[in-house]
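Encoded as structure tokens, the structure appears first; notes follow it.
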Amino acid sequence: MKQILVIGAGPAGMMAAIRAAENGAAVTLLEKMKRPGRKMMITGKGRCNITNAADVPEIIRNIHGNGAFLNSSMRAFDNQDVMEFFRQQGVPVKVERGNRVFPVSDKAQDVVDAMVHRLHELGVRIELEMPVADILLQEGRVAGVRTKSGAHYKADAVILAVGGASYPGTGSTGDGYEMSKKLGHTVVPLRPSLVPLETEEEWVKDVQGLSLRNVRATLLAGGEKVQEMFGEMMFTHFGVTGPIILSMSRRAAKCLAEGKFVELELNLKPALTPEKLDARIQRDFEQHIRKSLKNGLLDLLPHKLIEPVLDCAYLDPEKPVHQVTAEERHRLAETLQHLTLTITKTRPLAEAIVTAGGVSVREINPKTMESKLVPGLYFAGEVVDVDAYTGGYNLQAAFSMGNAAGCWSVWNDD
């Protein structure tokens, strides 16, 4: 019977352990935290966005960091397989806006409990509070691991699924990168992905907490458009966050790292042409002709946002509406559709939902997840240089890689 060691009890590690045990291996799962699935507990705002119900090509398109690497593993264990797996474990799922898949209960705890229950059913030995220091080799191939307490575990194969370097409080502290480097693997430089952005403009503090639903955001680097998204965002005391901001943050981080001047241009009225917006403003002005500018825009903008917009348009908020010139009105319309923020940096990697970068996919077999450098070493999850947009894609990637690593660690006879 093959002895398989899995390091890390996150989504990729637990799935890998389950698959290896289902294929007849004796499996030990080593986890540094006091309980499994700590990071899963906070995904989807505590609801756990398990996967996405789009077709596989669409999912891969949304895995913007090396999505093509997952072609084999995801077709072997796709989103339908993930949903069926959880249904079989007694966790029915539902599909929401944007094809996001959640447990019907809206509880991440149910997802984690289901995986832990399956591990126990299969007789997987789970060792908690057992951080690993080194992966051990014998004659060039994996032989086991040494823990930080000095304990040695022998194994025919080791699956490294310790996560990335974001949300360190959940156990993702970057340990896997150092272990991989010691074994000769290349680690692509780490960057935050799915992380809020900080801005130079101070006025964002005055509107913190304000959410905008139907906004078109354009990311500019050196004055050139690099990405555009439509959807929901929110202002914070340091800058901006929300679904579309998080999804653009990877590109923003890359451009900032390259030393480029990065801006975020917001179209607050994307459904209107400039002509229709001007006509709308004129109608509002006619209706509020006796009011000041700041009170004449209450039908057009959230109250908190009126003065910052007027300030960016160089307009006096106390100016009577009937005194606004055509040129000033056009300036207002231009600002509403091109409200620009200067991005100074991302929030720290520790605050990112996902880590971009990691063990190079060029050194991993995409079908089996086995190292091309060290026989018997397998990778799964965020430790690999794969990352995606928000929407269930990152967990799907973790489950697919975990499935491949778990199965092939047993099937391979190298």
Side-chain angles (χ1 to χ4, degrees), residues 7-13 31-49 63-66 108 112 129 131-133 148 160-181 187-200 204-205 208-209 233-258 262 264 343-359 379-391 393-395 397-398:
I7 310 173
E31 167 56 44
K32 69 191 288 187
M33 304 301 285
K34 290 182 178 180
R35 66 185 82 165
R38 284 292 301 276
K39 194 171 180 183
M40 286 179 75
M41 293 294 294
I42 61 173
T43 62
K45 297 179 181 177
R47 297 170 61 216
C48 197
N49 186 182
I63 300 172
H64 50 171
N66 294 314
V112 175
E129 296 184 89
V132 171
K148 290 188 177 178
L160 187 60
V162 291
S166 56
Y167 286 130
T170 65
S172 297
T173 52
D175 313 37
Y177 304 127
E178 291 308 311
M179 285 187 249
S180 302
K181 283 179 183 177
V187 174
V188 176
L190 309 181
R191 299 189 307 276
S193 183
L194 300 184
V195 67
L197 301 176
E198 295 192 18
T199 64
E200 185 178 279
V204 296
K205 294 177 183 176
Q208 62 179 293
M233 62 162 288
M234 185 174 77
F235 293 100
T236 71
H237 67 283
F238 55 75
V240 285
T241 188
I244 60 173
I245 303 301
L246 297 177
S247 291
M248 299 172 87
S249 62
R250 186 183 198 273
R251 294 291 292 276
K254 184 174 185 293
C255 293
L256 288 165
E258 292 169 353
V262 180
L264 187 71
I343 305 302
T344 55
K345 58 183 175 179
T346 68
R347 293 296 285 175
L349 176 57
E351 294 181 26
I353 295 173
V354 173
T355 306
V359 179
F379 296 95
E382 201 177 340
V383 70
V384 180
D385 182 21
V386 170
D387 63 288
Y389 292 125
T390 182
Y393 307 110
N394 286 291
L395 272 181

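- The minimum heavy-atom distance linking Val386 with Ala397 is given by the pair CG1-CB, 4.5 Å.
- No side-chain heavy atom of Cys48 sits less than 4.5 Å from a side-chain heavy atom of Val112.
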Report the C-alpha distance between His64 and Asp387 in whole Å, list the side-chain angles of each, state the deciding distance to 0.1 Å, and finish with yes or no for side-chain contact (heavy atoms from CB on, under 4.5 Å). CA-CA 6 Å; His64 50 171; Asp387 63 288; 3.4 Å; yes

Steps toward side-chain contact (heavy atoms from CB on, under 4.5 Å) verdict (Asn49, Tyr393): CA-CA 9 Å; Asn49 186 182; Tyr393 307 110; over 6 Å; no

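- With rounding to the nearest 0.5 angstrom, the CZ atom of Arg191 is 8.0 Å from the CG atom of Asp385.
- The two residues Gly176 and Ser180 have their closest heavy-atom pair at O-OG, 2.7 Å.
- Residues Pro196 and Leu246 form a side-chain contact, since some pair of their non-hydrogen atoms from C-beta on lies under 4.5 Å apart.
- Separating the CZ atom in Arg35 from the CD atom in Glu129 is a distance of 10.5 Å, to the nearest 0.5 Å.
- Among all heavy-atom pairs drawn from Leu197 and Ser249, the shortest one is CD2-CB, 4.0 Å.
- When all heavy atoms of Ser193 and Arg250 are compared, the pair lying nearest together is OG-CB, 3.7 Å.
- In this structure, Val204 and Gly239 approach most closely via the heavy-atom pair CG2-N, 3.9 Å.
- Taking 4.5 Å as the limit, some side-chain heavy atom of Lys32 sits within range of a side-chain heavy atom of Asp175.
- A donor-acceptor contact shorter than 3.5 Å is absent between the side chain of Lys181 and the backbone of Val359.
- Rounded to the nearest 0.5 angstrom, Met40 CE and Thr170 OG1 are separated by 12.0 Å.
- Atom CE of Met248 and atom CG of Leu264 lie 5.5 Å apart (nearest 0.5 Å).
- The backbone N or O of Lys205 lies less than 3.5 Å from a partner atom in the side chain of Gln208, making a donor-acceptor pair.
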Start with the C-alpha gap between Ser172 and Thr355, add the side-chain angles, then the distance that decides, and say whether side-chain contact (heavy atoms from CB on, under 4.5 Å) holds. CA-CA 10 Å; Ser172 297; Thr355 306; over 6 Å; no

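- For the atom pair Thr346 OG1 and Glu198 CD, the distance stands at 7.5 Å (nearest 0.5 Å).
- A heavy-atom distance below 4.5 Å is found between the side chains of Glu382 and Lys39.
- Ile353 CD1 to Tyr389 OH: the interatomic distance, rounded to the nearest 0.5 Å, is 14.5 Å.
- Residues Val187 and Tyr177 approach most closely at CG2-O, 3.7 Å, considering heavy atoms.
- Judged by distance alone, the side chain of Ser166 and the main-chain N or O of Ala352 form a donor-acceptor pair under 3.5 Å.
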Given Arg347 and Thr241, is the side-chain contact (heavy atoms from CB on, under 4.5 Å) satisfied, shown in steps? CA-CA 10 Å; Arg347 293 296 285 175; Thr241 188; over 6 Å; no

